[in-house]
Colleague: 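For reference, the structure I am asking about is given below.
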Protein chains: 2
Amino acid sequence: MKLKELAEQLGLSQTTVSRALNGYPEVNKATRERVSQAAQKYGYSANANARRLAIGRIGAIGILMPRDRSERFGPHTSEFFSGLAEQLSQHEMDLLMSPSINNDELAAYRRLISSKRVDGIIITGPTLMDERVAMLTEAKFPFVLHGRTNIAAPHAWLDIDNAGAFRQAASHLIDLGHRHIAMIDGLKGHTFSEHREMGYREALVERGIAVDPRFIVHERFSDETGFHEAQRLLSYTPHPTAILAGSMMTALGIFRAIRSKGYELGKEVSVIAHDDVFPYLNASNMVPAMTTTRSSIRSAGSRIAELLVRVLDGEPVENIHEIWPVELILRQSSGPPVAPRR
Amino acid sequence: MKLKELAEQLGLSQTTVSRALNGYPEVNKATRERVSQAAQKYGYSANANARRLAIGRIGAIGILMPRDRSERFGPHTSEFFSGLAEQLSQHEMDLLMSPSINNDELAAYRRLISSKRVDGIIITGPTLMDERVAMLTEAKFPFVLHGRTNIAAPHAWLDIDNAGAFRQAASHLIDLGHRHIAMIDGLKGHTFSEHREMGYREALVERGIAVDPRFIVHERFSDETGFHEAQRLLSYTPHPTAILAGSMMTALGIFRAIRSKGYELGKEVSVIAHDDVFPYLNASNMVPAMTTTRSSIRSAGSRIAELLVRVLDGEPVENIHEIWPVELILRQSSGPPVAPRR
DNA sequence: GCGATTACCCAAAGCGCTTTGAATTTAGGC
DNA sequence: GCCTAAATTCAAAGCGCTTTGGGTAATCGC
């Protein structure tokens, strides 16, 4: 069933039917009602391509999937997507996932833009001088960044307060009496990683605690690296009595390392992990319950979609910046340092 | 830059330029070359909507994201998507994620079809009499199912051998000497869950071991349920000396429960988990390394995309069925039962 | 050298929708 | 009851691309 046929059925012009369906004011209430009824009855729904061709808007936003297994594609991804999609459905927009081809990311972005398959783009996991941000800004293509960069040119972004999260967590550990605090976070170069390290350093420096470079680890987020790095850290003398973990997966590995060394978690060694909030991995139900810096990445996705819609509606990007605070949720994996039993 | 302009630049007709770019034979080699060069130079790329409107094919396949936090949206999702997207890029197709609105899934599918935004659909996590499968089959809309149903009408699907996986795992445990084996799997009703239970039962029955209904648990996949259910199971007398876990997250919870009861994993209580293969959660690096039934969900996604393309190309759906075997990878979390120390 | 192919290229007709500009009714004012 | 303004409705012109149905020039067979 197409518009033309529906219009014929109703004895109306395509114009009127189209307007009735799209909620334009210049159509009689009774007529509009009649049209909706008919559309319902025949299961009519506009051909998305034709509509978009006519309207000039694509009705979809894009997100590139890195081909390699970078930090940008982990368990948090599905949560983030879920948030995006949820919001986009409010605006009748689709989410287009485009995989980058032969690892030339920038080319993939260009292709995505030039083929006009999306109105805007969402980019995630930026580096401090992210070239994608630079490119899209220059191309004047609408986008919202999840994260931040040091790039001066104005662009829209939403980020969580990574520095604050780690500063707060480290401060808290210091308050508890810890003096040897390590951090195992994501790969260097990524903004979030740099910011977290900054926050960590600030907390230590503020309290006059020397920063031991061996205690700052940047690695892929995985239980495996968490395990290995924590084992290494715990073999030092003195070893850290507290570890900040950049992800839940890392924390799982760290937990294992602590146990394998015979230490008690939350006593001899404390751990505070950053939690993106996964429905299937609950920090509060672990044993001991995990102290976390928490920020729902699902909510962030949802909000970012909203912001992108605003960018598309013409809101100046220089107005679109949000930094979300991160909560520190105290649970049992962090406590005052206790001397080892041996 | 649009086709018309490009054609003018070249002093050719739109027809010729279009044909040159799309690889049609009736265009001079030199001309084709000249056109490609120019397209490259001006960064021309066809407007996807116009192209699709003309061509009648959408160039995208759809996948619905359940709004609720069902089994269908977990950590495996991003891996599955990743596989899909990787394959689709070979065919210049997009992946459209559409969130279901107000939890009326069927309506969301209908909307997706009638608005002609996708050529085909991928559906996952079916129940035995999945209504989506029934609906799409009846509507004659192309789709490929990840999983299986009992629906007789022919439709394309790819599934892993869930029954075989659990049968194999249970058999192995029996070989090791276990007589009290439990399973904690996903929610009842889902095909994979039913099949796994079937496999488990078969293995026990085959060896003359009575099936204890208390030992069969169906729950959401999460570390939390793994923990609670395993705790419950281990409080029975006699308690299971081995547990099959339906997911890695469940297994994490089970591990915790075993430890919290003071049992040694792989000795007093064995665990075999199903592993979809996550880059960030590696079974072989756990301590003890986890015995798993392994099947890459990423590969499945990739293959399913390929199958859907074939369906779209007109291959009869009754030819498209694949059951993938599941490997049992023996590691240290499973071993002969050892009597508890007390 | 001439008709018949073959190779290339083109103008124009859609694809199904939105929107402009105009026409037709209907309502309002005196 | 007549004129003007407001309320409805419509015909037709795109949106940018593919494809049909011809053309024209180059090539071939004899």
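Per chain, numbering begins at 1; letters A, B, ... match sequence-line order.
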Colleague: Walk me through it: do A/Arg298 and A/Ser296 pass the test side-chain hydrogen bond (donor to acceptor under 3.5 Å, both in side chains)?
Modeller: CA-CA 5 Å; A/Arg298 189 176 213 275; A/Ser296 163; over 6 Å; no
Colleague: Please confirm whether the shortest side-chain N or O distance from A/Ser13 to OP1 or OP2 of D/dA11 is below 4.0 Å.
Modeller: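 So the side chain of A/Ser13 is outside the cut-off, no N or O lying under 4.0 Å from OP1 or OP2 of D/dA11.
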Colleague: With a 4.0 Å cut-off, would you call A/Arg132 and A/Asp104 a salt bridge?
Modeller: no
Colleague: Would you kindly give the CZ-to-C1' distance between A/Arg117 and D/dG16, to the nearest whole Å?
Modeller: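 In whole Å, D/dG16 C1' and A/Arg117 CZ are 16 Å from each other.
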Colleague: Provide, to the nearest angstrom, the distance between the CG atom belonging to A/Leu6 and the P atom belonging to D/dC10.
Modeller: 13 Å
Colleague: Starting at CD1 of A/Ile55 and ending at P of D/dG16, how long is that distance when rounded to a whole Å?
Modeller: 14 Å
Colleague: For the CD atom on A/Glu318, are there more than 12 heavy atoms of other groups (residues, nucleotides or ligands in this structure) within a distance under 6.0 Å?
Modeller: yes
Colleague: Rounding to a whole Å, what distance do you find between A/Leu53:CG and D/dA13:P?
Modeller: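 For the pair A/Leu53 CG and D/dA13 P, the rounded distance is 17 Å.
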Colleague: Could you work out which one of D/dT18, C/dG16, D/dC10 sits closest to the side chain of B/Ala54?
Modeller: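 The answer is D/dT18, which lies nearest to the side chain.
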Colleague: Measuring to OP1 and OP2 of C/dG16, would you say a side-chain N or O of A/Lys4 lies under 4.0 angstrom away?
Modeller: no
Colleague: Can you find a side-chain donor-acceptor pair between B/Glu33 and B/Gln37 that sits under 3.5 Å?
Modeller: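 Per modelled atom types, B/Glu33 and B/Gln37 side chains form a pair under 3.5 Å.
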Colleague: With a 4.0 Å cut-off, would you call A/Asp94 and A/Arg52 a salt bridge?
Modeller: yes
Colleague: Taking the nucleotide of DNA chain D with the closest heavy atom to each, which residue, A/Arg19 or B/Arg51, is nearer the 5' end?
Modeller: A/Arg19
Colleague: Going by distance alone, is a donor N or O of one side chain under 3.5 Å from an acceptor N or O of the other, for B/Arg51 and B/Asn22?
Modeller: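 Yes, B/Asn22 and B/Arg51 have a side-chain donor paired with an acceptor closer than 3.5 Å.
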Colleague: Using whole Å, what does the distance between atom C1' of nucleotide C/dA13 and atom CG of B/Leu3 come to?
Modeller: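 So the CG-C1' distance, B/Leu3 to C/dA13, works out to 15 Å.
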Colleague: Quick one: is D/dT18 close enough that its OP1 or OP2 comes under 4.0 Å of any side-chain N or O from B/Ser18?
Modeller: yes
Colleague: If you compare all heavy atoms of B/Pro126 against all heavy atoms of B/Thr149, which two are closest, and at what distance to 0.1 Å?
Modeller: CB-CG2, 3.9 Å
Colleague: Could you state the CZ-P distance from A/Arg52 to C/dT19, rounded to the nearest angstrom?
Modeller: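 Roughly 15 Å, once rounded to whole Å.
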Colleague: Rounded to the nearest angstrom, tell me the gap between atom CD in A/Glu5 and atom P in C/dG16.
Modeller: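 In whole Å, C/dG16 P lies 9 Å from A/Glu5 CD.
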Colleague: Using a heavy-atom distance cut-off of less than 4.0 Å, which residues of residues 22-40 of chain B contact DNA chain D?
Modeller: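 Close to the strand are B/Asn22, B/Tyr24.
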Colleague: Compare the minimum distances between each of C/dT18, D/dT9, D/dC15 and the side chain of A/Gln14, then state the nucleotide with the smallest one.
Modeller: C/dT18
Colleague: Please report the end-to-end axis angle for the helix from C/dG1-D/dC30 to C/dC30-D/dG1, five pairs per end, rounded to 10 degrees.
Modeller: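 The end axes of the helix from C/dG1-D/dC30 to C/dC30-D/dG1 are about 30° apart, to the nearest 10°.
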Colleague: Please tell me whether B/Thr15 and B/Ser18 have a donor and an acceptor in their side chains that are separated by less than 3.5 angstrom.
Modeller: no
Colleague: Does A/Trp157 reach the side chain of A/His155, with side-chain heavy atoms less than 4.5 Å apart?
Modeller: yes
Colleague: Ring centres under 6.0 Å, that's the criterion: do A/Tyr280 and A/Phe278 meet it?
Modeller: yes
Colleague: Please report, rounded to the nearest Å, how far the P atom of C/dG16 is from the OH atom of A/Tyr44.
Modeller: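 The distance from OH of A/Tyr44 to P of C/dG16 comes to 10 Å, rounded to the nearest Å.
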Colleague: For C/dC10 and B/Thr15 - does any side-chain N or O of the residue sit under 4.0 Å from the phosphate oxygens OP1/OP2?
Modeller: no
